[in-house]
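Below is one structure; the comments refer to it alone.
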Amino acid sequence: MALYTMAHFIYKLQNLSLFTSATSAHAHLFKSGLLASTLTVNHLNNCYVRLRRIDYARQLFEEMAEPNVVSWSSLMAGYIDTGSPEFALWLYARMRESSVMPNEFTLATVSNACSLLAELKTGKKLHAQVAILGFQRNLVVCSSLVDMYGKCNDVDGARRVFDLMGHRNVVTWTSMIAVYAQNARGHEALQVFREFNRLMMEPPNSFTLACVINVCASLGRLVPGKVTHAVVIRIGCESNGVVSSALVDMYSKCGCFSYSDKVFRRIHDPSVIPYTSMIVSAAKYGLGELSLKLFEQMIRRAIKPNDITFVGVLHACSHSGLVDEGLKYLNSMQTKHGITPSAKHYTCVVDMLGRTGRLNEAYQLAKSVKVDGSEVAPMWAALLSASRLQGRVDIAIESGNRIIDSNEQVACAYVTLSNTFALAGEWNNVHGLRAKMKNAGVYKDPGCSWIEVKDSIYQFRAGDLSCERGTEILSFLQELQRKMRERGYVGGGGGTGLVFVEVEEESVEQIVGLHSEKLALAFGLISIPKGITIRIMKNLRMCSDCHEAFKLISQIEDAEFLVRDINRFHHFKNGYCTCRDFW
DNA sequence: GCCGCCTATG
């Protein structure tokens, strides 16, 4: 084949998007004897990888006489793309036995495989090889190592690589910010972002901003969130789907649902992700009907929901008392949308049934779910919590035991179970359980919560009013509770949730004629068990009490009240919130 | 010449 046609052929290979064209090119190469050319086969292999036909790529690779470093690396990348990073590691081990030396592409790819598998041991070995091979200051290799250490929860390891690098680019900085973000160290993530801005060698990109917005969301930091939104507008990446979804999520978690709505409406052609963000956000604000409306709208627009969309939908039903709709949606998941309900969906439904007192149904459903032990722990925790509210000691005991057996969220189970006994007056059981807990060395981390008002952050701990203006908050809460009682609120028996409400500045003054800061602070603390205690939670889940309280408050004036969820670190460190790290 | 790093919805 002449050089010109050869070049043309490769060009065509690079742009192939059909499997049949790839196989016919394959046949053509075979006939013309070009399968002996490593370069050409690499191109063809790449076609198969792009078409996600890893089986063909693999076979072609195995038939190669002399695979070079590119052949090895692209097949590894292909395995990663198709969700089998373990094969990439296996290939790398094979490659190390061959005479082909890895290059920077190989090392970055392998590091990526370690990240995905959270294989710290293998990652560290790789790091050593990187050093031996002289890539310890290579930009891309080090960026992937930073990411790898982060995904393996070795923040210090990531930082060491970051600090020792020669040049850093926006990707490196973003990786480092993401490491802190993913390991529940949001304040450090923001610090790194500030440092990046100070040096300002290049502007942040959509990756950086999406990451920073997420940090703001997880910290409940509205002001930095808005500032980042401003940067988004300045940079011009508003139309980026990930960024706009992150903004929707951030505003919702920072108590500004109306802003979430504004951002969402500006998205031209929202995909399943912004839709899901909105559905989840509306659900959190008790706007279940809006969630369902969005869901139906999405279906009409032929956007395919995913499993998380259904978590949002079921949450919406649960938090707005739409029990029968919820059951209907659960049943439609498989039949209408081809999504098999998983433990998290059953958790929502068990929670929903339990919340409205249909405890026996909830219990029957929970028993019928057959999945892994660790996955069902949250479901039994929901049932346990509902049993406590309804005073069903029998179901509480079984739920508690199932959780303790699963080894997940054990401390919470002990505490809730003990509270159930206490409510039923079974003090012997309470003491017995506390002793058992002590013996087992189970310790419940005290929760902590915070709220941002203007530029100050106020932090609260269970039973601790030593924060700034604590006395004022206490007296305001008492006043608020009195007003709520006057209007018929009878809850207050120890909610599992904490309602965060934000009000537009103007309406605050109207409502009770008090200063908005006070109101915002107080409204951060509306779960009022026995007198006034500041209750802390890990995961905003409006219990029926809170829901009632929320409805009542809404009736006080026509103001727009917004529920605020500031805490989403519960998936870190064995289910414990590590928010203490933030101060 | 062919291959690589960072972002999102519970």
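Out of B/dC2, B/dG10, B/dT7, the shortest distance to the side chain of A/H43 is found at B/dC2. Checked against B/dT7, B/dG10, B/dC5, the side chain of A/V311 finds its nearest nucleotide in B/dG10. Candidate nucleotides B/dC5, B/dT9, B/dC6 were compared by shortest atom distance to the side chain of A/S144, and B/dC5 ranks first. Among the nucleotides B/dG10, B/dT9, B/dC6, the one closest to the side chain of A/K284 is B/dG10. Between B/dG10, B/dG4, B/dT7, one nucleotide has an atom nearer to the side chain of A/Q182 than all others, and that is B/dT7. The side chain of A/F207 lies closest to B/dT7, out of B/dC5, B/dT7, B/dG4.
Under 4.0 angstrom from either OP1 or OP2 of B/dG10 there lies at least one side-chain N or O belonging to A/K253. Close to B/dC3, at under 4.0 Å from its OP1 or OP2, lies no side-chain N or O of A/N45. Here A/N46 does not reach the OP1 or OP2 of B/dC2: none of its side-chain N or O atoms lies under 4.0 Å away. OP1 or OP2 of B/dT7 sits under 4.0 Å from a side-chain N or O of A/K151.
The nearest whole Å value for the distance from the CD1 atom in A/I235 to the C1' atom in B/dT7 is 15 Å.
Using a 4.0 Å cutoff on non-hydrogen atoms, the parts of residues 128-142 of chain A near DNA chain B are A/N138, A/V140, ordered by number.
A donor atom on one side chain and an acceptor atom on the other are not found under 3.5 Å apart for A/S281 and A/S260. For A/T106 and A/S73, the side-chain atoms include at least one donor-acceptor pair closer than 3.5 Å.
Counting heavy-atom neighbours within 6.0 Å of A/E296 CD, excluding the residue itself, gives a total above 12.
Judged as a salt bridge (charged side-chain N to carboxylate O under 4.0 Å, His left out), the pairs with a partner in residues 91-117 of chain A (not counting sequence neighbours) are, in order, A/E62-A/R94. Listed by first and then second residue, the side-chain hydrogen bond (donor to acceptor under 3.5 Å, both in side chains) pairs involving residues 80-92 of chain A are A/Y92-A/Q129 (not counting sequence neighbours).
Geometric assessment of A/K262 against the ring of A/Y251 yields a negative cation-pi assignment under the 6.0 Å and 45° thresholds.
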